[in-house]
Amino acid sequence: MSTYEAKGVAEDPVLQWVTFRLDNETYGINVMQVQEVLRYTEIAPVPGAPPYVLGIINLRGNVVTVIDTRLRFGLSETETNDQTRIVIIETENQVVGILVDAVAEVVYLRQSEIETTPNVGNEETAKFIQGVCHKNEELLILVDLEKMMSDEEWAELNDF
Amino acid sequence: MNHPNQSKSVVLESANVGTVVQEYMDNLLGELFPDVLEDLEAQTEEKMTADLEPLSAEQSVVTALTVSDKHEVESDAAVQASDVQRSQAESDAINAVPQAVEAEVVEQVTVEQSAAAISEPEVQLQSAHEVEIQTSTETTTEEALETKTQEQASVYKKPDALRYPKAPVWAQQAFDVLLFDVCGLKLAVPMESLGKIIKVDHETNQLIGRPDWFIGAYIENEQHLYVVDTAQYIMPEKGFNLARDGFDYVIQLQRSKWTLACKKVHNTVRLEPDQVKWRSQQGKRQWLSGTVVDHMCALIHVDSLIDLLEAEAS
C-alpha cells in the first residue's frame, strides 16, 4: 500500500456495520460492539424491572439482560417470529441483548458516506441516531448504542 | 332531454356551490390569517384612494404639458420660417420633430400613469423641462431623443425597484408560482425557489425520535431528502397528519434536503407583485411571504422556511 493510499484510508476509514430490521426500517450497529446473534429464546421476565427491560436470558451460564428495542425506539409492539433475533452487544462495561425483528447483513461503509441527520425535536430517542447512509438503494440508520440509554439506566441494568 | 327548469336549477346549484366554496375559502383563509381580511379591506381602500388622487394630478399635468409644448413648437417654427427663409419641405421636417417629441412625452406620461409612482409630479416637471430644452434647440435628432428617452426610462425604473420593499428582489416584477394543496389550504411556492416536484412512489423512511411534523427521509436519485408534514408544521393546531393520511407529492425547497409533503399539486400561475399582500419577515410566521387574495393562497418564503428548518435541526 502506498503512502498516499494509507493516508487516504486513515482519513476516511472503512467501518463495518451489522444491520437489523425494526418495523420497516433498517438500522446498523458497529460490528465491534456485536458479540453474537441469537435466535429468539425464552426471555424470563424480571419483576420490578423498568418497562424497557424485557427480561433475562441464560447465555452459556451468564445472565444477560434483554432490552425491548421497539419500546426504546418508540415503536409499536409486534409478535415474535422465525426472523426475530437477540443481538448480544457489548458496551463500555456491560453485555446486554437487544431484541430485533431480523438481522440482515454486515455492510462496509466509509466514514465519509455517513451523513448526520437533522437534529429536530427534543426527544431523547432522536439522539440514538448517529447518522444515516444510503446503501443498496435503501436508507441505513446508524445507531449509537451508548446513547440508547442514559448513564443511570446503564447503571440500573447492573442490578439484574 | 333536460327540462328547462332542471337546467336552471343546475345552474343555480352550481352558483350556490361556487358561493359556498368561496365562503369556505374566505373562512379558512380568515381563520388561518386573520389579518388578511382586514388587510384586504384596507388594501382596497388604499388602492381606491391611490388610484383616484394621482390620476387627477396626472391629467392636469398632461394637459399643461401638451398645451405648453404646442405653444413652444409653433412659435419656434414661425420664427424660423420668417428669419431663415427655409423651404416648405424643411419647415415640415422641423415641425415633424416636435410632434415626435410630443408623442414621446405623452408615451412617457402613459407609462408613468400605469406605474403609478408616488413621486410622479416631480418626474413630470423634469420631463417638461427637458422637452422645452429639446424643442428650443431644434437640432436634436430622433436618435438623440431615443437615447434621452432610454436614459429617462432607466432613471424612472429606479423608484420601481423600491416599490415593494418587503418583497424579494426577484418579486419586484411578475413571477411564477406553483400552487399546491395541503389539507384544504392552498399554498404557493415561487418557481424561482422550487427544486423538484417528486411524485411519491415508495415509502418514506422514518427516523425515530423526530417531531410529528418530520415525516422522515425519502430516497430520490440515490440521495435522501427530508420530508416535512406541511400541514403540521404550518398549522399544527388543526390536527392534520399527512404521515397518517398520506401524501402524493413532495416539493423540494431550492436544492436543499428539505421537502414539503402535499396531497395535490395544482398549476403554475403568474403573479404581479401588487397581487401579493407582502408580509414583514419579523413576525411569527416567517415562512410566509404574503397572501394572494386573488388565488386565496399563502405565498411561502422558501429561504426563510429553509432557515427555520435548519435552525430547528441544528
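Below, chains carry the letters A, B, ... as their sequence lines are ordered, and counting in each starts from 1. Everything numeric here is computed off the predicted structure, so don't read it as measured data.
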Exercise for the section: Using non-hydrogen atoms and a 4.5 Å limit, figure out which bit of B:Leu207 sits close to chain A: side chain, backbone, both or neither. Expected result: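 Both parts, heavy atoms under 4.5 Å.
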Around atom [atom1] of [X], are there more than 12 heavy atoms from other residues, nucleotides or ligands closer than 6.0 Å?
X        : atom1 : result
A:Asp82  : CG    : no
B:Gln206 : CD    : no
B:Gln173 : CD    : no
A:Arg39  : CZ    : no
B:Lys264 : NZ    : no
B:Glu203 : CD    : no

Please classify the contact between [X] and chain B as side chain, backbone, both or neither, with a heavy-atom cut-off of under 4.5 Å.
X        : value
A:Ile129 : side chain
A:Thr26  : neither
A:Phe128 : side chain

Problem - Reported CG-to-NE2 distance for the pair B:Asn205 and A:His134, which is rounded to 0.5 angstrom - result: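 Spacing of CG (B:Asn205) from NE2 (A:His134) equals 9.0 Å.
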Practice task
State the OG1-CD distance between B:Thr204 and A:Glu25, to the nearest 0.5 angstrom.
Solution key: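 Between atom OG1 of B:Thr204 and atom CD of A:Glu25 there are 9.0 Å.
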Handout entry: Top of A:Thr117, A:Val132, A:Leu22 for chain B proximity - count of heavy-atom pairs under 4.5 angstrom
Key =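 Most pairs with chain B among the choices: A:Thr117.
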Handout entry: Carboxylate-amine/guanidinium proximity below 4.0 Å for B:Lys257 and A:Glu115
Key =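 Judged by the 4.0 Å cut-off on N to carboxylate O distance, B:Lys257 and A:Glu115 do form a salt bridge.
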Practice task
Check B:Tyr226 against A:Thr116 and note the closest heavy-atom contact, atom names and distance.
Solution key: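 Shortest heavy-atom separation between B:Tyr226 and A:Thr116 comes out as OH-O, 3.5 Å.
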